[in-house]
A.B. asks: 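Here it is, the structure in full.
Side chains are part of it too, since the values below use all heavy atoms of this structure and drop only hydrogens, waters and symmetry mates.
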Amino acid sequence: MENKPQNRIMVLMAERMVTNKDLAMMMDTDAATVSMWVTNASQPTLENLIEVAAV
């Protein structure tokens, strides 16, 4: 079985039981943007990563 690297934002959200919508509201951004980060469709900026860590 192949070990696929996991998205760290997704792992942290699951550990804290936070949804895409919850994180988006905390960051004042769109839930679709958070979804793209979680699915690796796009990467957050450094500023966004700092904000994710803060919330």
A.B. asks: Nearest 0.5 Å, what's the CG-CG distance between N20 and D30?
C.D. replies: 10.5 Å
A.B. asks: Identify, with sequence neighbours excluded, every residue that meets side-chain hydrogen bond (donor to acceptor under 3.5 Å, both in side chains) alongside D22.
C.D. replies: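 With neighbours one apart ignored, the set is T19.
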A.B. asks: Residues sharing V11's hydrophobic cluster, by side-chain heavy-atom contacts under 4.5 Å among ILVMFWY, directly or via others?
C.D. replies: none
A.B. asks: List, by chain and then residue number, the residues other than M13 in its hydrophobic cluster (Ile/Leu/Val/Met/Phe/Trp/Tyr, side-chain heavy atoms under 4.5 Å); write none if there are no others.
C.D. replies: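 Result for M13 is I9, M10, V18, L23, M26, M27, V34, W37, V38, L49, V52, V55.
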A.B. asks: In the hydrophobic cluster built from side-chain contacts under 4.5 Å, what are the other members alongside M36?
C.D. replies: none
A.B. asks: Each residue besides L12 in its hydrophobic cluster should be listed here, by chain and number; the cluster joins Ile, Leu, Val, Met, Phe, Trp and Tyr at side-chain heavy-atom distances under 4.5 Å.
C.D. replies: none
